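Remember, predicted model here, so these are calculated numbers, not experimental data. To find a chain, count down the sequence lines: A is the first, B the second, and so on, and within it residues start at 1.
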Number of protein chains: 2
Amino acid sequence: MGTTKAHIFSPRHNELAKVAKVMAHPARVAILEYISKQQGCICTDLVEEIGLAQPTISQHLNEIKKVGLLEGTFEGKNLCYCINREKWLELQHVFNSFFSVIHQNCC
Amino acid sequence: MGTTKAHIFSPRHNELAKVAKVMAHPARVAILEYISKQQGCICTDLVEEIGLAQPTISQHLNEIKKVGLLEGTFEGKNLCYCINREKWLELQHVFNSFFSVIHQNCC
DNA sequence: TATTATAATCGTAATATTGCAATATTAAAT
DNA sequence: ATTTAATATTGCAATATTACGATTATAATA
């Protein structure tokens, strides 16, 4: 008990839920938006910008990374994070399709 | 500890996270899709269709209802659930805007 | 009124998420 | 080699989520 029964759902439904989960926390929404607004991607001040402790931000970044939405490279001691444009467009499409699929003809 | 610090985020970020959370579980994705595919909305067989226990489905329905995505009316002993079209379009717009806002110009 | 069918609610167990202090790691700078 | 700065990892506490059995509520039907 307590665990999502992923095996009873379709891969498509599981996939959509997984990516939705990334956006299901305001910190991650804010992080994604902030990173996207940077010229480059030296995101040193993310901790200060968001207002959560450094380990917490690090964890959230990791969650975003796990679904493939972030690309990170080290530039010296600084980490250069940026959004994976391909994956982002893929997500946009997944959501858009889902929203379009829902045609209700009742009530 | 353990609770999301909603007060440090903007209303927009909190709102987006809230609706994303609804789609952050495959059962709710499946439920939304199933309801949308019905002619009317006699969703009696939702439990059988999804494969989770009745109280669990009821809970998920309630989560969806809480963000205003479902309209429910009783038709005799059967509950008639259907998607709130207006709210649905609103959500689609919220997500679409967010995806569009992300313009990364790095990496 | 008693029965039946359907859905909500309650209570509870298992697990996941959120957040942070402490610590470790990494690499640049001194 | 030490220090410094940035990020990751660990460990843990608080809270949220997921799931379901048992029960309750509601209304149609016999």
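Of the candidate nucleotides D:dG11, C:dT15, D:dT18, D:dT18 has the atom lying nearest to any side-chain atom of B:H25. Considering only side-chain atoms of B:P55, the nucleotide from D:dT7, C:dG19, D:dG21 that sits closest is D:dG21. The side chain of A:Q59 lies closest to D:dG11, out of D:dG11, D:dA19, D:dT18. Proximity note for A:H60 (side chain, C-beta onward) versus D:dT10, C:dA8, C:dT18: the nearest is C:dT18.
Between A:N62 atom CG and D:dT9 atom P there is a gap of 7 Å when expressed in whole angstrom units. Between B:I57 atom CD1 and D:dA19 atom P there is a gap of 9 Å when expressed in whole angstrom units. Rounded to whole angstrom, the span from the CG atom of B:L61 across to the P atom of C:dA8 amounts to 6 Å. Rounded to an integer number of Å, the gap from NZ of B:K5 to C1' of D:dA16 is 17 Å. Rounded to whole Å, the distance from CD on A:Q54 to C1' on C:dG19 is 12 Å. Atom C1' of nucleotide C:dA8 and atom CG of B:L70 are separated by 15 Å, given to the nearest angstrom. To the nearest angstrom, C1' of D:dT18 lies 9 Å from CZ of B:R28. Residue B:I64 contributes atom CD1, which lies 12 Å from atom P of C:dA8 at whole-angstrom precision.
Ring planes of B:H25 and B:H60: tilted class, angle from 30 to 60°. Using the six-membered ring where Trp is involved, A:F99 and B:W88 have ring planes that are tilted, between 30° and 60° apart.
Base contact: B:T56 has a heavy atom under 4.0 Å from a base atom. The residue B:L52 sits close only to the backbone: its heavy atoms come under 4.0 Å of sugar-phosphate atoms, none of a base.
Along DNA chain C, the nucleotide nearest to B:S58 and the one nearest to A:A53 differ in position, and the one closer to the 5' end is contacted by B:S58. If A:G2 and A:E63 are placed on DNA chain C by their nearest nucleotide, the residue sitting closer to the 5' end is A:G2.
Heavy atoms only, all atoms of each residue included: A:A24 and B:A24 are closest at CB-CB, 4.2 Å. When all heavy atoms of B:R28 and B:K21 are compared, the closest pair comes out as NH2-O, 3.1 Å.
Listed pair A:K21 / D:dT17 fails the phosphate criterion, with no side-chain N or O lying under 4.0 Å from OP1 or OP2. A sub-4.0 Å separation between OP1 or OP2 of C:dA8 and a side-chain N or O of B:Y81 is present.
In summary, the side chains of B:E33 and A:H13 do present a donor paired with an acceptor at a separation below 3.5 Å, with no hydrogens or angles considered.
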